[in-house]
Amino acid sequence: MPQATPAALNLVLIGFGHVARTLVHLLDDRRAHLQELGLPPVRIAGIATARHGCVLVPEGLEGSRAVSLVESGGSVAALGRAGDVPPRDARALLARAGSLVLEGPLVVLETTTLNVRDGEPATTHVKAALAAGAHVITANKGPIACAWSEIREAAARAHRQLLFEGVVMDGIPVFNLVRDTLPALTVVAVRGIVNTTTNYLLAALEEGRDMAPALAEMQARGIAEADASLDVDGWDAAAKAAALANVLMEARLTPADVKRTGVAHLTTTDARAALDAQCRLKLVMHVRREGGRVAASVAPERVAAGDVLAGVHGTMNALTISTDRLSDLTVIQHGGSLVETAYALVSDLVTLWRRLAPGTVSAR
Ligand SMILES: NC(=O)c1ccc[n+]([C@@H]2O[C@H](COP(=O)([O-])OP(=O)(O)OC[C@H]3O[C@@H](n4cnc5c(N)ncnc54)[C@H](OP(=O)(O)O)[C@@H]3O)[C@@H](O)[C@H]2O)c1
């Protein structure tokens with residue numbers, strides 16, 4: 001007998017910063033596409049933040065009102081039902097959400113601030129969400145880089161999906177690409193430029209501009225991490241290296257295991273000297289199998305003019321995947337933005353629905 005389509009996909013947003021707020025707009029913008037694909041309506045049932053309150057409304061709340069409230073410095077708790085006591089924090093919200101009887105799956109989208117040391121608070125949120133019976137989608141590389149085997153096992157035990165397409169190249173497929181289109185191959189290495197902010201800073205140096213105003217520009221555009229030293233000192237790229245190593249190469253690395261040099265010490269003189277030598281100065285990430293282990297590094301390098309990475313300018317990113325049978329495959333992102341990251345969350349929602357209700361999703 002065919003299963004009835006549930007009334008809604010019930011989203012709980014843990015973190016309501018640049019990415020999550022952009023997602024609210026993108027979900028509105030893509031509604032017709034999602035409907036055409038066969039997804040049930042997407043409903044925002046809860047939001048948790050650090051300083052802008054928490055709210056849980058099982059019938060769903062108006063996302064655009066939550067965006068306006070937060071962007072004007074207010075609290076999302078104002079959207080709660082009269083008489084309801086708002087959850088005090090994300091964990092309390094998740095515990096409450098887990099006890100609701102909902103028509104349709106509960107999906108937690110984790111987009112709190114990146115912490116490369118231990119992946120917290122995101123790792124705890126992911127575990128709490130799985131324990132509450134939710135599927136989890138995250139754009140936060142912390143848990144994938146710091147606690148991959150633990151959360152993968154927790155998701156398997158809970159029979160829930162854990163998806164994270166946006167953690168390396170925003171909306172450009174990386175994990176989907178390998179999983180869905182490169183079967184029966186072993187990934188032996190990945191190499192790339194994976195941090196937009198530092199690539200933009202190095203381009204500014206080449207143009208004779210100082211790093212500080214270029215960094216301020218990246219912060220104003222919401223692309224630099226809340227703590228910009230995570231970009232500048234190579235931590236963000238190291239976290240991506242660990243995530244790629246863990247997921248694609250079965251490693252057990254954390255960002256601290258990645259050999260790392262940032263870009264803070266570089267000057268316009270270094271960038272010009274590289275150009276004079278027919279090279280480009282780039283922050284390059286490498287992950288490779290060495291003997292029986294997987295090793296990863298992030299450091300500035302002079303990249304020769306003929307190298308595919310030499311053409312990756314400004315806000316572009318690129319990743320070359322090497323396997324044991326095919327020739328190298330490079331994916332290039334022409335300009336990262338918040339919409340690209342929010343799109344990764346939307347694409348994960350579609351993947352989730354394809355897995356939960358195979359046969360109900362149209363092929364497009
Ligand atoms: N921005 C990008 O282009 C991009 C690209 C790829 C991946 N990512 C990843 O996506 C995630 C979100 O990025 P973003 O730019 O949206 O960050 P953001 O603007 O700094 O927002 C972070 C959000 O997390 C909330 N938060 C922090 N700690 C929390 C806690 N303990 N409980 C509940 N909420 C908490 C903050 O609440 P308050 O607002 O109240 O402080 C804020 O709403 C990060 O992990 C980042 O690495 C970002």
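Values below: every heavy atom of this structure, side chains too, minus hydrogens, waters and symmetry copies. Heads up: numbering here begins at 1 and tracks the sequence. Atoms within a ligand are numbered from 1 in the order they appear, just like the ligands themselves.
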Considering only non-hydrogen protein atoms, determine which one is nearest to [atom] and report residue, atom name and distance to 0.1 Å.
atom	value
atom 40 (O) of ligand 1	R51 N, 2.5 Å
atom 10 (O) of ligand 1	A139 O, 3.6 Å
atom 30 (C) of ligand 1	H125 CE1, 3.9 Å
atom 14 (P) of ligand 1	V19 CG2, 3.8 Å
atom 19 (O) of ligand 1	H18 ND1, 2.7 Å
atom 12 (C) of ligand 1	T111 O, 3.2 Å
atom 47 (O) of ligand 1	E225 OE2, 2.9 Å
atom 1 (N) of ligand 1	G222 O, 3.0 Å

[X] N/O under 3.5 Å from ligand 1 N/O:
X	answer
I14	no
A226	no
G17	yes

With a 4.5 Å heavy-atom cut-off, do F175 and L163 have their side chains touching?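 Side chain of F175 against side chain of L163, heavy atoms only: no contact under 4.5 Å found.
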
Of all the atoms in ligand 1, which lie at a distance below 4.0 Å from a heavy atom belonging to [X]?
X	result
F16	23 (C), 42 (C), 43 (O)
D170	5 (C), 6 (C)
L338	1 (N), 2 (C), 3 (O)
A50	26 (N), 27 (C), 28 (N), 29 (C), 33 (C), 34 (N), 35 (C), 37 (O), 38 (P), 40 (O), 41 (O)
H52	38 (P), 39 (O), 40 (O)
T341	3 (O), 4 (C), 5 (C), 6 (C), 7 (C)

Measuring from H125:NE2 to N140:CG, what's the distance to the nearest 0.5 Å?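 Between atom NE2 of H125 and atom CG of N140 there are 10.0 Å.
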
May I ask you to check whether over 12 heavy atoms, not counting those of R91, lie within 6.0 Å of atom CZ?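 12 or below, so no.
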
Heavy-atom neighbours of Q35 CD exceed 12 at 6.0 Å: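 12 or below, so no.
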
Report the member of G53, S75, A122, G15 with the shortest heavy-atom distance to atom 25 (C) of ligand 1.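 Answer by nearest heavy atom: G15.
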
With atom 44 (C) of ligand 1 as the reference point, say which of T112, N140, T113 has the nearest heavy atom.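 The residue whose heavy atom sits nearest atom 44 (C) of ligand 1 is T112.
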
Tell me yes or no: between the side chains of D348 and T351, is some donor less than 3.5 Å from an acceptor?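 T351 and D348 do not have a side-chain donor-acceptor pair below 3.5 Å.
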
Check against salt bridge (Lys or Arg N to Asp or Glu O under 4.0 Å), K240 and D236: CA-CA 6 Å; K240 288 174 177 173; D236 174 74; 3.2 Å; yes

Residue-ligand contact K141/ligand 1, heavy atom below 4.0 Å: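 The answer is yes, since K141 has a heavy atom less than 4.0 Å from ligand 1.
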
Go through the steps to decide whether K282 and N199 satisfy the test side chain to side chain contact (heavy atoms under 4.5 Å, CB included), and finish with yes or no. CA-CA 7 Å; K282 298 289 181 193; N199 205 41; 3.5 Å; yes

If the threshold is 4.0 Å, N to carboxylate O, is there a salt bridge linking D324 and R289?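 Judged by the 4.0 Å cut-off on N to carboxylate O distance, D324 and R289 do not form a salt bridge.
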
Can you hop from L9 to V346 via hydrophobic side chains spaced under 4.5 Å?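 L9 and V346: one cluster.
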
Counting heavy atoms only, which part of [X] comes closer than 4.0 Å to ligand 1: side chain, backbone, both or neither?
X	value
T196	neither
P121	side chain
R21	neither

Test log, rule side chain to side chain contact (heavy atoms under 4.5 Å, CB included), inputs L94 and V108: CA-CA 9 Å; L94 289 168; V108 168; 3.5 Å; yes

Of all heavy-atom pairs between C54 and A90, which one has the smallest distance, and what is that distance?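 That would be SG-N, 4.3 Å.
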
